Student: 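If you scroll down you'll find the structure; I have some questions about it.
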There are 2 protein chains.
Amino acid sequence: MSGIEDVANLAGVSKATVSRALSGRGYVSNDTRLRVSQAAASLGYVVSSSASSLVTGRTNNVGVIIPVINQWFFGSIIEGVERALLDRGYDLMLYNLTKSHEERTRVFEYFLVRKRVDAVIAVTLEITPEETQRLLALGKPIAGIGGPLEGIPTLSIDDVAAGRLATEHLLLLGHRDIMHVGGDIDEQMDFHVHSKRLKGYMEALTEAGIPYDQDSYVATRFDIPSAYQVGKQILGDPRRRPTAIFAASDEVAIGVILAARELGISVPDDLSVIGIDNHPLAEMFGLTSIEQRPDLQGEQVVEWVIRQLEEPGWSPPKRHTVLPATLIMRSSTARPRPRLG
Amino acid sequence: MSGIEDVANLAGVSKATVSRALSGRGYVSNDTRLRVSQAAASLGYVVSSSASSLVTGRTNNVGVIIPVINQWFFGSIIEGVERALLDRGYDLMLYNLTKSHEERTRVFEYFLVRKRVDAVIAVTLEITPEETQRLLALGKPIAGIGGPLEGIPTLSIDDVAAGRLATEHLLLLGHRDIMHVGGDIDEQMDFHVHSKRLKGYMEALTEAGIPYDQDSYVATRFDIPSAYQVGKQILGDPRRRPTAIFAASDEVAIGVILAARELGISVPDDLSVIGIDNHPLAEMFGLTSIEQRPDLQGEQVVEWVIRQLEEPGWSPPKRHTVLPATLIMRSSTARPRPRLG
DNA sequence: TCCTCGTCTGCAAACGCTTCCAGAATCTTA
DNA sequence: TAAGATTCTGGAAGCGTTTGCAGACGAGGA
């Protein structure tokens, strides 16, 4: 491993000049810059990031805290974040923080506080105001997907509005018997996504003058098999079967559709289904959905933290940023079948 | 930000002693160790990783290169790798290296060579012998999932054997008209997975005395919607329809099953389908599959590189390691329906 | 001609740790 | 009791960069 001194000797200049030539900071004549680059290349020299971090205080790393990886929403965020970071010359340190308390503590006590990252991106990380203070005290740029989170710039779709939009779509088609298959309120790790989408649903119903019925909300985990099971239970009981279902995510919606198929219930003739996400599988199931783009959300928060790092004085929106979520109509929703008799 | 000196002053000892006390290396009396820890805690001190890297030459980072994130196989690997690394006190730097040539070069010219990671884990990264040499020249532990790769310890299931196993299962049930829906041979980025599974399929057929027919292999991308399209084409043509399909992955198999359902073809009565992976969705589709555990594969390679780092002299298996892949029978495969007439 | 200004370069001082070395204190053993 | 071994601690050198400062040089303006 050759150090900067070797390059300096080979190029016939001082270490300082090598540093300036290679980093592009300060004055260096074109001639020497060239000689230095060639010397560096021929030696296979590459700067020691620890040494340069030590003096600059910058690591060029950004920490990303995320609760799940193997799910479309989260995987897409990572892809977006990674792409954006690499484009800007930063490296991504990944922390898969499941909701167990032990791991949470580890992050706060141990990781975040270490001097290894220049900025932090937190994905649907629900933290207490006290923890927020600790984070802010680090003096490092931080941004989140999810939220709102007091004091930290965050980003997400308006889940209440999305829930309303979905429900209103069904109402507009003429449905009055609409069930909501959503997440378990007690289990949500993300920013009350589950209760927010439920809230939007309830608001839309209320506005339409439809009384909200206890039984019309059923909880499930956010994956296809779980939703499939729940779907079979709901749809298996003819007295309970609604004319439409608002599923809190596309995975849930697909589970429900598969359950309906299994039971010989036609979608959308006998049952309309709408989801949220515009998941890659939505199209093949003809699923009407509300689109969001987690990859772009990832790019956006990267932009926030990096710009903060590189443009002194700049700062991202102080408050929560709401992203548009638009309805994509496909063939899983339709007017309810006219009642017989 | 308080440095080691502040801690030293507060505890009334030298910097050297603080370093020893906190790192656990060298002699320190219990008494002073305690005083130092308390001083450190009360100041919220945390060692500067750049400073300590600079002198020790260790970063405590491991680089992971992976072509895709948002796919079950790859997502599971990341989860496994992340868990194992964090357990051992290492951080994970994620590099999502899509197959574009430009990005590849970037990794070799730019990233791998930087002094930012102690070891490298490469997931299904196909590299030339020359590139391998460059990697090895770094003198850093490196291991791969996929392979084999000359000179680098790698790990994977035996794809040829998996292909055989799947096909033999169908043969054993009495099928003779078996199609293979696999990956595009020209497009494979992973270690010829596609052609290996195809090879296993062909070997099994040959062994059973069944001539291999050009038309009995069809290529698709490895996702449900693509496989669904392909499935509809194959199954839509009654003259072309086989009695069984060996799908190169569970996602492909599920696409085919959905296509069959759409066309009113009963699985397994009219068509048997087998896949590879034991994907989380396999169970709900009753899909017979060949199981592999990417998360454990991730843990294994982590073990390899970390042990190499921490146990001087130890080294992982020089050659490619083959993992067992076992058949999981479900309801998507059965004896072919007896021919009429 | 002299002065100023912009460009270019080198010296040397950090940056915050770890670790070698040596010395002091305590404990073992002959 | 002396000599050696063991445990504990501090001083100081270094890890490989970046950067403030100062000096040198040439060009342009008065």
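In what follows, chains are A, B, ... by sequence order, proteins preceding strands, each numbered from 1. Because the structure is a prediction, the values reported are computed rather than measured.
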Student: Checking A:T17 against A:S14: is there a side-chain donor and acceptor pair closer than 3.5 Å?
Tutor: yes

Student: State whether the side chain of B:E131 and the backbone N or O of B:T128 hold a donor-acceptor pair below 3.5 Å, judged by distance alone.
Tutor: yes

Student: Would you compute the distance between atom CG of A:L85 and atom CG of B:L94 and round it to the nearest 0.5 angstrom?
Tutor: 10.0 Å

Student: Looking only at side-chain N and O atoms, does B:S19 come under 4.0 Å of OP1 or OP2 in C:dT18?
Tutor: yes

Student: What is the distance, to the nearest angstrom, from the OH atom on B:Y45 to the P atom on C:dG16?
Tutor: 10 Å

Student: Quick one: does A:P67's side chain get under 4.5 Å of A:L97's, heavy atoms only?
Tutor: no

Student: Separation of B:L43 atom CG from C:dG16 atom P, in whole Å?
Tutor: 15 Å

Student: Between B:E310 and B:R88, does any NZ, NE, NH1 or NH2 come within less than 4.0 Å of an OD or OE carboxylate oxygen?
Tutor: no

Student: So, B:Q308 and B:W304: side-chain donor and acceptor under 3.5 Å apart, yes or no?
Tutor: no

Student: Count the heavy atoms of every other residue, nucleotide or ligand shown that sit under 6.0 Å from CD of A:E311, and state whether that count exceeds 12.
Tutor: yes

Student: Round to a whole Å and report the spacing from CG of B:L54 to P of C:dG16.
Tutor: 12 Å

Student: Using side chain to side chain contact (heavy atoms under 4.5 Å, CB included), reason through B:D295 and B:R83 one step at a time and then give a plain yes or no.
Tutor: CA-CA 9 Å; B:D295 53 340; B:R83 200 185 319 135; 4.3 Å; yes

Student: State plainly whether the residues B:D91 and A:R116 are in salt-bridge range, i.e. N to O under 4.0 Å.
Tutor: yes

Student: Taking A:D31 first and then A:R35, would you say they form a salt bridge - that is, a charged N and a carboxylate O separated by under 4.0 Å?
Tutor: yes

Student: Please determine whether a side-chain nitrogen or oxygen atom of A:S48 lies at a distance below 4.0 Å from atom OP1 or OP2 of D:dG16.
Tutor: no

Student: Testing A:V28, A:T32, A:V36 for side-chain contact (heavy atoms from CB on, under 4.5 Å) with A:R20, which one passes?
Tutor: A:V28

Student: For B:I4 and C:dC15, give me the distance from atom CD1 to atom P, rounded to whole Å.
Tutor: 15 Å

Student: May I have the distance from B:R20 (atom CZ) to D:dA12 (atom P), rounded to whole angstrom?
Tutor: 15 Å

Student: In whole angstroms, how far is the P atom of C:dT9 from the CG atom of A:N9?
Tutor: 16 Å

Student: Please give the angle, rounded to 10 degrees, between the axes at the start and the end of the helix from C:dT1-D:dA30 to C:dA30-D:dT1, where five pairs define each axis.
Tutor: 40°

Student: Can you list, by residue number, the residues of residues 22-41 of chain B that have a non-hydrogen atom closer than 4.0 angstrom to DNA chain C?
Tutor: B:R25

Student: May I have the distance from A:R116 (atom CZ) to C:dG16 (atom C1'), rounded to whole angstrom?
Tutor: 15 Å

Student: For B:E5 and D:dG10, give me the distance from atom CD to atom C1', rounded to whole Å.
Tutor: 13 Å

Student: For residues 10-18 of chain B, which residues have at least one heavy atom under 4.0 Å from DNA chain D?
Tutor: B:G12, B:V13, B:S14, B:A16, B:T17

